[in-house]
Amino acid sequence: MAVSLLHHPPLSNQRITQAFVDLNSRSLQRGITCLSICLQKQKCSIELYMMPTTTVARHWMLKTFASAGSLNAEVECQENHISSGFSTSNDFRRSKTVADSSSKPPDGVNDFERQLQELFDEVKMMIKMGNKNDAMDLLQANYEFVKEQINAGSRGIEEAATLDIIALGYMAIGDLKSVGFILNKLDEVVESLKDDEPLLDSVLIHMGSMYSALGKFEKSMLEYQRVIAIVERIHGKGSAFLVSPLLGMAKILGSIGKATKAIEVYQRVISILESSRGAESKDLVVPLSGLGNLLIKEGRATDAESLFNRILSIYKESYGEYDGRFGMALCSVAHVKCATGNAEEAINLYRKALQVIKDADYMALDDSIMERMRIDLAELLHVVGRGNEGRELLEECLLITEKYKGKDHPSSVTHLINLATSYSQSKNYVQAERLLRTSLEIMMKSVRPDDSSITFPMLHLAVTLYRLNQDEEAEQLTLEVLRIREKAFGKDSLPVGEALDCLVSIQTRLGKPEAELLDLLKQVLKIQEKEFGYESEEVMRTLKKVVFYLDKTGRKDEKFSMQKRLSVLRMKYNQMMQY
């Protein structure tokens with residue numbers, strides 16, 4: 001049985017989200033069945049809101065468009081394996097793109113941008129200090145002020161710029177509902193602006209990025225297309241100023257299934273950068289990684305390998321072989337080696353990458369990126385049959401978490417479950433049970449009794465008890481999981497289907513009536529058809545069980561139609577296996 005270890009959920013763009021358990025649905029199923037030019041006005045007509053602190057009034061402003069690229073880069077450009085360790089160049093965060101770059105902006109423009117910078121810096125500091133509510137109050141106050149300006153008839157670039165920065169502030173907080181609301185208002189203002197407005201290109205880039213984060217890809221594409229047209233008209237089709245919007249567009253095209261077009265855009269970005277920065281420029285890392293990850297996704301790992309090797313060469317030349325960034329590049333090459341099926345070489349590269357990063361003191365031992373790399377390596381070691389080595393890494397993850405966060409910290413639950421999964425693969429169910437009971441105890445101290453996150457270790461424990469022939473307790477735990485998940489996710493949700501699938505296996509051995517088991521399986525089938533499609537492999541497996549129980553309960557007519565459907569699916573998958 002292949003091992004599927006748990007990771008924390010994907011990191012947010014600011015790497016501020018650390019969660020608990022991201023249970024791969026396969027684990028449960030297998031468990032049992034298993035910017036800017038001068039403003040036209042000499043002085044900005046808008047002033048941002050000032051919030052008093054005690055007796056002294058202070059300005060709270062937001063970040064300039066020109067330097068908001070850290071958000072842009074992380075939201076738009078950096079892919080999973082590269083976002084953690086590779087830097088995006090600041091060269092594309094410019095302050096002049098829509099007009100003659102030799103023109104000198106008046107003092108009013110500089111003051112306005114400086115105010116914006118200060119506001120965003122203050123919002124970031126509030127978030128960092130844990131004062132998220134204060135940050136939201138500040139953004140809301142500024143929104144109310146600019147809304148008054150708009151209602152009074154002012155719909156210029158100043159209002160658009162301020163709304164854009166407020167939206168970026170909400171994005172940094174993670175309040176996507178407010179981001180969407182602000183974007184709707186911003187859209188109304190931007191539509192009436194001419195393309196030669198200062199700051200507009202940066203506003204449009206941010207809008208494209210935020211719409212993408214909200215999953216509104218069509219709107220995002222429209223913003224990127226507009227800013228690309230603006231920059232091409234002013235600076236030409238080979239301008240490096242095109243890199244940021246082109247990367248945003250490429251990522252969206254990849255996300256919506258237009259891989260061929262996305263590849264063309266990535267290649268255009270690479271060509272622009274090679275011409276303007278040189279073939280060994282660090283600026284090439286982001287488009288190379290984006291293109292490489294897309295090729296892997298499209299099943300072209302061999303083509304992707306040369307791209308990641310090129311990244312490795314760039315970092316070796318720039319920083320040397322003992323720099324942490326070189327270690328991160330090694331990690332990406334290890335990832336592509338996995339995708340090409342070269343597991344042993346991938347293992348060696350992962351080990352070397354971890355050692356380089358550790359020796360260089362590039363990041364803390366408890367950093368979530370380091371943790372993820374150790375878990376990836378541990379999973380790979382299990383896959384090739386080196387479970388003991390993999391288990392050592394998982395134990396290291398647990399010890400590090402306990403050292404830095406405390407022995408009973410919820411973050412340790414992921415590692416306890418992973419260790420239990422490893423022991424289960426080695427048939428050491430007693431040790432797996434001990435670890436899972438510990439993880440469940442930690443969870444029960446950390447969250448409400450009906451919190452859905454508690455069902456992950458609970459169902460794992462039920463599976464382990466089933467393997468230890470402790471069916472009565474396994475059934476009770478699974479029924480509790482089912483109750484919590486139905487309330488949290490709905491009766492027709494995939495998490496409920498997973499629990500039902502486990503329950504069927506347990507109750508079969510307990511000798512429950514076959515008609516009851518058949519009803520449960522039909523509910524599982526309905527959920528899988530909705531989630532995976534009528535011709536999915538998951539549906540085929542459940543159909544096999546349904547046919548079995550239809551036969552046992554004597555429902556011959558119903559069995560005939562189900563058997564016919566199952567035969568068609570089997571033939572389809574047999575043909576697929578031949579290719």
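Just so it is clear, the structure is predicted and the values come from calculations on it, not from any experiment.
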Query raised in the report: Do the non-hydrogen side-chain atoms of Leu394 and Arg374 ever get within less than 4.5 Å of each other?
Result: no
message = Taking the cut-offs as 6.0 angstrom to the six-membered ring centre and 45 degrees off its axis, would you call Arg325 and Tyr315 a cation-pi pair?
response = no
### Cationic N near anionic O, under 4.0 Å, Arg437 to Glu433
yes
| query | Could you walk me through whether His409 and Thr401 pass the side-chain hydrogen bond (donor to acceptor under 3.5 Å, both in side chains) check? | reply | CA-CA 8 Å; His409 194 277; Thr401 298; over 6 Å; no
Show the numbers, then the answer: is there a side-chain hydrogen bond (donor to acceptor under 3.5 Å, both in side chains) between Gln431 and Arg434?
CA-CA 5 Å; Gln431 181 70 346; Arg434 182 188 68 80; 3.1 Å; yes
Could you tell me if the ring centre of Tyr143 sits under 6.0 Å from that of Phe181? yes
Look only at the side chain of Lys251 and the backbone of Ala262, and say whether a donor-acceptor pair between them is shorter than 3.5 Å.
no
Lys337 with Glu345: basic N within carboxylate O range, under 4.0 Å
yes
Ionic contact status for Glu480 with Arg483, cut-off 4.0 Å:
yes
Arg386 bridged to Glu344 by N-O distance under 4.0 Å
yes
Start with the C-alpha distance between Asp408 and Glu441, add both sets of side-chain angles, then the distance that settles side chain to side chain contact (heavy atoms under 4.5 Å, CB included), and finish with yes or no.
CA-CA 9 Å; Asp408 293 332; Glu441 288 172 6; over 6 Å; no
**Prompt:** Taking the side chain as C-beta and beyond, is there a heavy-atom pair between Asn469 and Arg509 under 4.5 Å?
**Reply:** yes
Just checking, any donor-acceptor pair under 3.5 angstrom between side chains of Asn388 and Glu392? no
Are the side chains of Pro495 and Thr455 in contact, using a 4.5 Å heavy-atom criterion?
no
**Message:** Hydrogens and angles aside, do Arg351 and Asn348 bring a side-chain donor and acceptor to less than 3.5 Å of each other?
**Reply:** no
### Query
Hey, mind stepping through Arg467 and Val463 against side chain to side chain contact (heavy atoms under 4.5 Å, CB included) and telling me if it holds?
CA-CA 6 Å; Arg467 288 166 168 165; Val463 170; 4.0 Å; yes
>> Let's go through Ser426 and Asn428 carefully: what are the C-alpha distance in whole Å and the side-chain angles of both, what is the deciding distance for side-chain hydrogen bond (donor to acceptor under 3.5 Å, both in side chains) to 0.1 Å, and is it a yes or a no?
In response: CA-CA 5 Å; Ser426 301; Asn428 190 344; over 6 Å; no
Exercise for review: Indicate yes or no: does Glu402 engage Lys407 in a salt bridge with an N to O separation below 4.0 Å.
Suggested key: no
Cationic N near anionic O, under 4.0 Å, Lys530 to Asp492: no
